[in-house]
K.L.:
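Next up is a structure, given as structure tokens.
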Amino acid sequence: MNYIFVFALFLKYGDIMEIKSIPEIIKEMDYLLKEEKYDEAYQFAKENINLNKEYVEGEYIFKNLLEELLFQITIKKEIKRKYPLMLDYSTLYSNYGNVLLHFNEYENALKSFKLSYNYNPINVKAIFGLCEIYRIEENWDEFHNLAIQSFRYDHSLEDLSKSFEYLSIYYLNEYNASNDDENLKLSIYLSRLAQSYLDSNENETAIGFDDDALTQHDQSIEEIKEYLKSKGLPYGPGIEVITICKNLGFQLDEDKKVVPALFYFNIAYDLTKDPAIKDVIGDLDAKVERKLTE
């Protein structure tokens, strides 16, 4: 043991430094951000996270099987894991990026979100973080590309809603730049769709549009989806997410792993409200009940 080094630390800090493991750092940052303790998270990150970390191409880290399969289907790169799955650097750096955003440190936030994205290009939190930076910088081309990309990876209603909201922001900016009513219509439709995935009040929008514009472009959610589809724009969850969740659900049920199967079927149902999926969930719930009573 290098006692001179330890003694030097003692002289500098008055006590021996507590050295945290990477999983401990990831867990602590995740907790502080969820609790919105931004001041504590900022100080903790400054002491424990290296923002100048070198990323080596191929060091992909996935949080779950769904993300890994999405990666294989949508990005089609060779997967080379060089770290254990528990070292979720992607979440660590997307959390840190959000803390830096909170304190308007945009340059470092961009660096952090890029690291997060490199470690897991399926992580929509990293994609949304980059979108937010590009929105602030008014880099609308990059903003648009990432907003479109995010739809392929959304597997929660909250994330799907956010993707629609970001695309709505893009077309509102296009309207402000061009005064083209078509862009305003698209922005209103996308905002209405974003709101519909969060609650049942389809008349509210996340963006404050003029009442006359809202009245002029008042359509049902189904009509809005058909219009967006005709324009080649996203109008619902990504087909890859739904397909993977259903396939995983059926495979796990076949392997008699009912609870994990329910997890994936519930994701698919939340996103689609497909009655056929609901029937499958009902059958699986009945299996679980029978097992509990046996």
Side-chain angles (χ1 to χ4, degrees), residues 60-79 81 85 88 90-91 117 120-128 146-167 190 193-200 202 220-292:
Y60 302 113
I61 309 296
F62 302 103
K63 291 182 71 175
N64 55 52
L65 183 58
L66 172 58
E67 286 187 343
E68 183 171 336
L69 292 173
L70 275 170
F71 178 88
Q72 292 183 45
I73 289 172
T74 61
I75 297 180
K76 297 184 175 67
K77 289 184 180 178
E78 181 184 357
I79 299 172
R81 286 205 194 94
L85 195 62
D88 185 9
S90 185
T91 293
Y117 181 81
N120 183 357
I122 309 302
N123 181 359
V124 291
K125 305 305 182 191
I127 294 173
F128 291 153
L146 285 169
I148 291 289
Q149 182 183 328
S150 68
F151 284 93
R152 304 186 77 179
Y153 312 131
D154 293 328
H155 48 273
S156 74
L157 292 177
E158 180 184 5
D159 289 342
L160 184 58
S161 175
K162 198 167 189 67
S163 291
F164 279 114
E165 182 182 338
Y166 273 136
L167 205 52
L190 289 159
L193 207 48
Q195 202 66 18
S196 74
Y197 281 103
L198 291 181
D199 57 46
S200 58
E202 298 176 355
S220 71
I221 292 300
E222 288 307 313
E223 289 171 324
I224 286 173
K225 287 182 178 181
E226 285 299 318
Y227 188 79
L228 294 174
K229 182 179 179 180
S230 73
K231 294 293 181 179
L233 289 171
Y235 58 93
I239 186 63
E240 295 95 347
V241 172
I242 306 305
T243 301
I244 289 172
C245 284
K246 288 166 68 175
N247 288 344
L248 281 173
F250 284 121
Q251 183 61 56
L252 288 163
D253 180 33
E254 189 175 315
D255 294 340
K256 302 188 185 307
K257 298 176 181 177
V258 180
V259 174
L262 273 168
F263 172 77
Y264 290 108
F265 278 124
N266 274 305
I267 291 175
Y269 179 70
D270 282 346
L271 293 172
T272 64
K273 304 304 180 192
D274 183 344
I277 299 175
K278 187 175 184 180
D279 289 342
V280 173
I281 291 172
D283 292 340
L284 292 176
D285 281 333
K287 285 185 182 181
V288 173
E289 287 293 325
R290 285 197 297 271
K291 283 187 177 182
L292 291 174

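Worth saying up front: this structure is predicted, and the values here are computed from it rather than measured. Reckoned from all heavy atoms, side chains included, excluding hydrogens, waters and symmetry mates.
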K.L.:
Is the closest side-chain heavy-atom distance between Tyr153 and Val241 below 4.5 Å?
P.N.:
no
K.L.:
Does Lys125 have any side-chain hydrogen bond (donor to acceptor under 3.5 Å, both in side chains) partners at least two apart in sequence or in another chain, and if so, which?
P.N.:
Asp159
K.L.:
Provide the full list of salt bridge (charged side-chain N to carboxylate O under 4.0 Å, His left out) pairs with a residue in residues 261-275, sequence neighbours left out, each pair given once.
P.N.:
none
K.L.:
Can you measure from CD (Gln149) to OH (Tyr117) and round to the nearest 0.5 angstrom?
P.N.:
3.5 Å
K.L.:
State, with a plain yes or no, whether a side-chain heavy atom of Asp253 is found less than 4.5 Å away from one of Lys287.
P.N.:
yes
K.L.:
Enter the distance from Leu233:CG to Phe164:CZ here, rounded to the nearest 0.5 Å.
P.N.:
9.5 Å
K.L.:
Nearest 0.5 angstrom please: Thr272 OG1 to Lys246 NZ, how far?
P.N.:
7.5 Å
K.L.:
Which pair of non-hydrogen atoms, one from Phe71 and one from Pro121, has the smallest distance, and what is that distance?
P.N.:
CE1-CG, 3.7 Å
K.L.:
In terms of heavy-atom contacts, does OH of Tyr269 have more than 12 from other residues, nucleotides or ligands at under 6.0 Å?
P.N.:
yes
K.L.:
Hey, what do you get for OG (Ser150) to CD1 (Ile127), rounding to the nearest 0.5 Å?
P.N.:
6.0 Å
K.L.:
Shortest non-hydrogen contact from His155 to Leu271?
P.N.:
CA-CD1, 4.1 Å
K.L.:
Looking at every non-hydrogen atom in both residues, tell me the closest pair between Glu67 and Ile122 and how far apart they are.
P.N.:
O-CG1, 3.7 Å
K.L.:
Show the nearest heavy-atom pair for residues Ser90 and Asn123, with the distance to one decimal.
P.N.:
OG-ND2, 2.9 Å
K.L.:
Would you mind reporting whether Ile148 and Leu167 have side-chain heavy atoms less than 4.5 Å apart?
P.N.:
yes
K.L.:
Any chance you could measure Leu284, atom CG, to Asp279, atom CG, to the nearest 0.5 Å?
P.N.:
11.0 Å
K.L.:
Is Cys245 close to Leu66 at the side-chain level, that is, under 4.5 Å between some pair of heavy atoms?
P.N.:
yes
K.L.:
Supply the atom-to-atom distance Tyr235 OH to Phe151 CZ, rounded to the nearest 0.5 angstrom.
P.N.:
12.0 Å
K.L.:
For the residue pair Tyr264 and Gly249, what are the closest heavy atoms and their distance?
P.N.:
CB-N, 4.2 Å
K.L.:
Closest approach of Phe128 and Asp154, non-hydrogen atoms and distance?
P.N.:
CZ-OD1, 3.8 Å
K.L.:
Show your working on side-chain contact (heavy atoms from CB on, under 4.5 Å) between Lys225 and Leu228 and close with a plain yes or no.
P.N.:
CA-CA 5 Å; Lys225 287 182 178 181; Leu228 294 174; 5.8 Å; no
